[in-house]
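Below: the structure, in structure tokens.
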Amino acid sequence: MSLALSSLLFVWQQSRATPNPRLVAIGLAVLLTAVAWLIFALVRRVFKDSREAHGKTTDASPRIENSAAFMTASMQGVIRKLREQEKELERLHRVEKERAEHTERLSEEVTRNMPAGLLMVNAQGIIASANPAAEQVLGVRGLGYRRYSEVLGESCELTQLVAQCLSQGKIFRREQVDHKIPSGETRRLGVTISPVRRGEEKVSGAICLLSDLTELAALQEQMELKKNLAALGELSAGIAHEFKNALATISGYAQMIRSESSDGEISDHAERILEQTRNITHVVTEFLKFARPLVISDEPVELQPLIERALDEISTAASGVSIHAEGDFGIVAGDEGLLRQVILNLARNGAEACEGRTDGRVVVRGEIAPGGETPSQRITVQDNGVGISADAMPNLFHPFFTTKARGTGLGLAVVQKIILQHGGLIEARNHPSGGAVFIVTLPARRAQPSEAVELRKDAIPI
Ligand code: ADP
């Protein structure tokens, strides 16, 4: 081709210098030949390419000179590789998805079955997740997707702790708070709150672990009280005894003055001294019951007749209040006289709380709980009186705590002491429909108080 062009160039230069028809003809012939050859070569290539493109060629391996085939083959190779990689990615994705689902199921099962309550609050203050134990501890159903301050109460201590954790990222470990649940009951909660952070960023939520320590706290208080009483009891019982002797002497002289004096004013004064000594003697007698170490006999006590007799006694004193017993009462091991004292004190308090009501009612209810080897007897004394005020609730069982003008404040302290000595438990609550409820639980077989505590240590503080 280049030869044809150079000869053509030569002919053209010659013809420009001296125009010669022969030379021009030769030049034209060479040019035509070159063009014809060029067309032939192009047509041949086009045919060959299209044959190969339609697969008519039997040579499958790409060759360097056949660039289109080479390109196609390379592309197909790349596509095949990409498909394989896509499949591998799909497999890995499936495995990861299964693993994630498994982990999610596992964590869901753990949170659902854990004994402690779990609350997760997001940065906007919405409860993102809550387990059934949290609903039970807080006494609220359906906690999820509600504002925590609404559910817990705007001004309660627990709300304030969560708020501090969300705003300042503060951690609270093993705090104890008294929390009032919607039914009106106050529970002692063990609380651990920690913030959720992503990296070093600000707080994006709070995790709150809750457990109900009410029973455990009550037991600890009772054990503490029992220990203190043992020491105090010996000492104060001796002093109270001296008091009683002195009171008996004062009372004796006052009686003498009253009977021997003819002066109306003097016998009137003597009568007042007698009245006061009677009051003080009553207080000292009650205190002795409380302070003296109790010696409890271990005889079987049939509760049904004991309760009926005690209620008869109260009914005659508290007219206008209906007092009755219902439910199942079995046999407990203990001291009949002391257990009668318990029923008397609780039912009397119930009747006094109903004073002024025309429909006053005290119900003593019995229930036998089959607790495996040691069934327990539950005795509930419920009234529809004024109920226990929030101020009185924490002090109920403290000696000398009273809200009554003529009360000694020893009735419930004595009750608690007797029940503890019988290896039992006593709790006080307000009933949602009004009035107070005192719940006594006694083991059918009298266990030692320390044993009773061990049995109830299932509420673990977190
Ligand atoms: P007292 O009866 O001499 O006051 P208690 O120890 O029996 O002593 O009771 C202490 C306090 O507990 C009472 O003053 C009263 O405030 C409260 N209380 C006891 N029982 C009830 C009840 N059923 N309802 C309301 N409050 C009660």
Side-chain angles (χ1 to χ4, degrees), residues 225 228-229 231-295 309-321 323 335-358 360 362 383 385-386 388-389 391-392 395-418 436:
L225 184 73
N228 294 342
L229 281 179
L232 187 76
E234 295 283 346
L235 182 73
S236 49
I239 298 170
H241 204 72
E242 289 305 312
F243 249 75
K244 260 185 110 178
N245 288 343
L247 282 168
T249 313
I250 295 168
S251 168
Y253 279 115
Q255 275 176 29
M256 268 171 60
I257 293 166
R258 190 183 58 179
S259 57
E260 284 170 13
S261 167
S262 52
D263 186 341
E265 201 180 346
I266 291 176
S267 60
D268 200 32
H269 288 166
E271 182 54 45
R272 285 206 195 154
I273 294 170
L274 273 174
E275 197 188 313
Q276 287 305 314
T277 49
R278 268 197 299 272
N279 285 348
I280 300 172
T281 309
H282 172 65
V283 173
V284 174
T285 313
E286 287 294 302
F287 179 68
L288 272 174
K289 278 186 205 161
F290 169 70
R292 213 182 254 148
L294 290 179
V295 183
R309 276 200 305 275
L311 296 193
D312 277 350
E313 203 178 306
I314 306 274
S315 298
T316 37
S319 56
V321 179
I323 304 175
D335 189 300
E336 185 166 352
L338 293 173
L339 291 174
R340 191 172 147 275
Q341 181 81 58
V342 168
I343 303 299
L344 275 175
N345 287 7
L346 292 178
R348 194 182 289 126
N349 274 344
E352 283 173 3
C354 296
E355 249 169 37
R357 285 188 73 124
T358 49
V362 178
D383 62 68
V386 286
I388 305 160
S389 68
D391 291 343
N395 302 312
L396 276 190
F397 296 100
H398 291 173
F400 302 112
F401 170 77
T402 182
T403 55
K404 298 172 193 167
R406 298 180 74 90
T408 60
L410 287 166
L412 289 179
V414 169
V415 166
Q416 188 189 45
K417 183 177 175 183
I418 296 171

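Counting begins at 1 with the first residue of the sequence.
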>> How close do Ile343 and Ala310 get, counting heavy atoms only, and between which atoms?
In response: CG2-CB, 4.0 Å

>> Please report the interatomic distance CG(Asp391) to OG1(Thr403), rounded to the nearest 0.5 Å.
In response: 10.5 Å

>> Just verifying a value: how many Å separate Gln341 CD and Leu346 CG, rounded to the nearest 0.5 Å?
In response: 10.0 Å

>> If we check side chain to side chain contact (heavy atoms under 4.5 Å, CB included) with Ile280, which of these qualifies: Ile250, Thr285, Leu247?
In response: Leu247

>> What's the separation between atom CZ in Arg272 and atom CG in Leu274, rounded to the nearest 0.5 Å?
In response: 12.5 Å

> Just by modelled atom types, is the Arg258 backbone N or O under 3.5 Å from a matching donor or acceptor in the Ser261 side chain?
Replying inline: no

> Which heavy atom in Ile418 sits nearest to a heavy atom in Val342, and how many Å separate them?
Replying inline: CG2-CG2, 3.7 Å

> Glu355 and Lys404: salt bridge (Lys or Arg N to Asp or Glu O under 4.0 Å), yes or no, with the steps?
Replying inline: CA-CA 12 Å; Glu355 249 169 37; Lys404 298 172 193 167; over 6 Å; no

> In this structure, are over 12 heavy atoms from other groups packed under 6.0 Å from Phe401 atom CZ?
Replying inline: yes

>> Using side-chain heavy atoms (C-beta onward) and a distance below 4.5 Å, is Arg278 in contact with Thr281?
In response: no

> Can you find a pair of side-chain heavy atoms, one from Leu412 and one from Asn345, that are under 4.5 Å apart?
Replying inline: no

> Got a second to check how far Arg309's CZ is from Leu344's CG, nearest 0.5 Å?
Replying inline: 10.5 Å

> What distance separates Ile323 CD1 from Arg348 CZ, expressed to the nearest 0.5 Å?
Replying inline: 10.0 Å

> If you look at every heavy atom in Gly350 and Val362, which pair is closest and at what distance?
Replying inline: C-CG2, 3.6 Å

>> How close do Ala240 and Val284 get, counting heavy atoms only, and between which atoms?
In response: O-CG1, 3.3 Å

> Are Gln416 and Leu396 close enough that some pair of their side-chain heavy atoms sits under 4.5 Å apart?
Replying inline: no

> Do the non-hydrogen side-chain atoms of His269 and Glu265 ever get within less than 4.5 Å of each other?
Replying inline: yes

>> On a heavy-atom basis, which atom in Gly411 and which in Thr408 lie closest, and how many Å separate them?
In response: N-OG1, 4.3 Å

>> Please find the pair of heavy atoms, one from Cys354 and one from Gly385, that lie closest to each other, and give the distance.
In response: SG-N, 3.7 Å

> Rounded to the nearest 0.5 Å, what separation is found between the CD atom of Glu271 and the CD atom of Gln276?
Replying inline: 11.0 Å

> How about Leu410 and Phe400: do any of their side-chain heavy atoms sit closer than 4.5 Å?
Replying inline: yes

